[in-house]
Amino acid sequence: MMTDTPLVSVRDLRIGAITDSGRKVEIIRGVDFDIVPGEILALIGESGSGKTTIALSLMGHTRRGCAIEGGTIRVGKHDVTGMTEKQRARLRGTEVSYVPQSAAAAFNPSKRIMDQVVETTRIHDLMPRARAEAHARDLFRALALPDPDTIGERYPHQVSGGQLQRLSAAMALIASPELVIFDEPTTALDVTTQIEVLRAFRRVMQESGMAGVYVSHDLAVVAQIADRIIVLKGGETQEQGTTEQILNNPRHPYTKELLAAFDPVPHVPLAGRDDSADTPVLEVRDLCAGYGAVKDGEPAAKVLDSIEFRLMRGRNLGVIGESGSGKSTLARAVAGILPAYRGSVLFDGQTLAPDLAQRSKEDLRRAQIVFQLADTALNPAHSIANILARPLRFYKGLHGAACEREVIRLLDLVHLPATLRHRLPSELSGGQKQRVNLARALAADPELILCDEITSALDTVVAAAILDLLKELQGELGLSYMFISHDLSTVEAICDDVLVMYKGKVVEAMPATRMSQDATHPYSRLLISSVPQLDTGWLAGLEQDPELLAAFSER
């Protein structure tokens, strides 16, 4: 039940940081807001806007090199800015709790789930162990987790990503805090899993009456869970209001830009392309792949089952499906990173060796892969110039001034200034790192690029810019893309054709523009129905559809 008395009151919040060069900058500039009990406030904006920095400050926490330099933060009866570190440590987990973006990083892989979920109650001596475990099992039920009486006995690797995300919420809720901070908790989840997690979060928050802060870059997700929204850019509030007002009557140009980026422009095929001619640039026949030792012709863990498709030159193929459907495994098998145990991959009609170690330099050059997370794909110890120079030396034999000129050309190709070549990856934004990731693939002058979820970790505006860049490069260089994603709107924006994968099989194949109308497989229909809409009543409406709820249960 909401009251008029704020649980959280933030006034003129200012947070500073020290750059790598030693310069002091203000990253949060005079932010004000209140949150009343039972209310969920969303902080939304692009990467670097200050969303997470503000959310963490409510626990009295700042990232390394940052400090709260002005303003006040009150949570309940506490003046957070005036507390000692010992007092703040008591506040965290008891009165204010945190649900991270990556649940996998929040859990210790060597400890059972129940031990970790109840740990806060043990550290702060809040309740006996038996009572804590009973409370945890009640939370597991409330969060719609399977086998709530026994799931706590498993280890983190024995549950799915969506289940682990809900378990991280149980860990945050175990002490019945007054305020819960959700930091992009569904960003890395496929749309069907995301809906399950959102439904569970919303139900528990409504029933408990706790207040929440929901950090996100996705307005459609925020529309399903938040009462009010603050739009941030560059550490400053651009606009704040009710969710209905922000979605239906935005006032600030940046808010309007965020809303526009939610609806990507449909993909327009390259002009003058002859689809009736030519051998496919890529053809996959009866491809089967998996992990573990092969026995009797089958691996211990079979992932891909008889995958077949053709990708014509200049066309883009989308591969879509939920987590665990085999999308990324397919990209790895095509690239030769994971050798298939049966079937074949053909490039321009020529069969490629299953293992990339057996492929020629020319085979490697013509098909490049861009990985999902630029943070892990780029060597943090190397400058951008060194990262881009390596494929230039390997494929083209370039050195010295010639190599440097080509590095500058590649950065220009992905719309990055040449001055960035002297920086380390940690000194770039998420969007800039993904452009470097793409530039590294372009260094080989490829004909095909395998894009493995390359926009899933980016905010909406930056992701739209990356898609625009891919289209531009395709027009200039005549590239073909195999685009792997769990986001149907992204696939529709960049792809000509789409494969729907489910449990290692292709269950649907059709033009991307026809999927919403022509898809017939039950999973395809569920996938289409699970794409969040910019409508505050969308999730509630979905929960009234018994057919869809049955489909979720069957998964």
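All of these numbers come straight from a predicted model, not from anything done at the bench.
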Considering only heavy atoms from C-beta outward, does the side chain of [X] approach that of [Y] to under 4.5 Å?
X      : Y      : value
Gln245 : Arg251 : yes
Phe33  : Leu13  : no
Phe201 : Ile225 : yes
Phe182 : Met205 : yes
Leu413 : Leu477 : yes
Leu304 : Met501 : yes
Phe347 : Val281 : yes
Leu330 : Leu287 : yes

Restricting to side-chain hydrogen bond (donor to acceptor under 3.5 Å, both in side chains), what partner residues turn up for [X], sequence neighbours left out?
X      : result
Gln163 : none
His252 : Gln238
Arg366 : Asp348, Glu447

Is it the case that the side chain of [X] and the backbone of [Y] share a donor-acceptor pair, with hydrogens and angles ignored and the cut-off at 3.5 Å?
X      : Y      : answer
Arg313 : Leu282 : no
Glu283 : Arg310 : no
Ser216 : Val222 : no
Glu404 : Gly400 : no
Asn316 : Tyr481 : yes
Arg440 : Ala377 : yes
Lys51  : Glu46  : yes
Arg435 : Val414 : yes
Lys327 : Gly321 : yes

Original post:
Which of these passes salt bridge (charged side-chain N to carboxylate O under 4.0 Å, His left out) with Arg228: Glu244, Glu239, Glu39?
Top reply: Glu39
**OP:** Please identify each residue that fulfils salt bridge (charged side-chain N to carboxylate O under 4.0 Å, His left out) with Lys233, with sequence neighbours left out.
**Re:** none
Original post:
Quick one: do the Glu508 and Tyr523 side chains pair a donor with an acceptor below 3.5 Å?
Top reply: no
Atom of [X], atom of [Y] and distance for their closest heavy-atom approach:
X      : Y      : value
Asp218 : Ile44  : C-CD1, 3.8 Å
Val99  : Pro185 : CG1-CB, 4.2 Å
Ala444 : Arg365 : O-CG, 2.7 Å
Ala509 : Leu499 : CB-CD2, 3.6 Å
Ala333 : Arg359 : O-NH2, 3.9 Å
Ser524 : Val500 : OG-CG1, 3.6 Å

Original post:
What pairs of residues pass the salt bridge (charged side-chain N to carboxylate O under 4.0 Å, His left out) test when at least one of them lies in residues 393-403, not counting sequence neighbours?
Top reply: Lys396-Glu406, Lys396-Asp445
Separation between [atom1] of [X] and [atom2] of [Y], rounded to the nearest 0.5 Å:
X      : Y      : atom1 : atom2 : answer
Leu41  : Ile230 : CG    : CD1   : 4.5 Å
His415 : Gln432 : NE2   : CD    : 13.5 Å
Asp12  : Asp32  : CG    : CG    : 6.0 Å
Thr255 : Leu232 : OG1   : CG    : 10.0 Å

Subject >> Among Val319, Asp452, Ile449, side chain to side chain contact (heavy atoms under 4.5 Å, CB included) partner for Met482 >> reply: Val319
Only distances under 3.5 Å count here; give the side-chain donor-acceptor pairs of residues 380-390 to other protein atoms, sequence neighbours excluded, each with its distance to 0.1 Å.
| unit_1 | atom_1 | unit_2 | atom_2 | d |
| --- | --- | --- | --- | --- |
| Ser383 | OG | Asn386 | N | 3.2 |
| Ser383 | OG | Asn386 | ND2 | 3.4 |

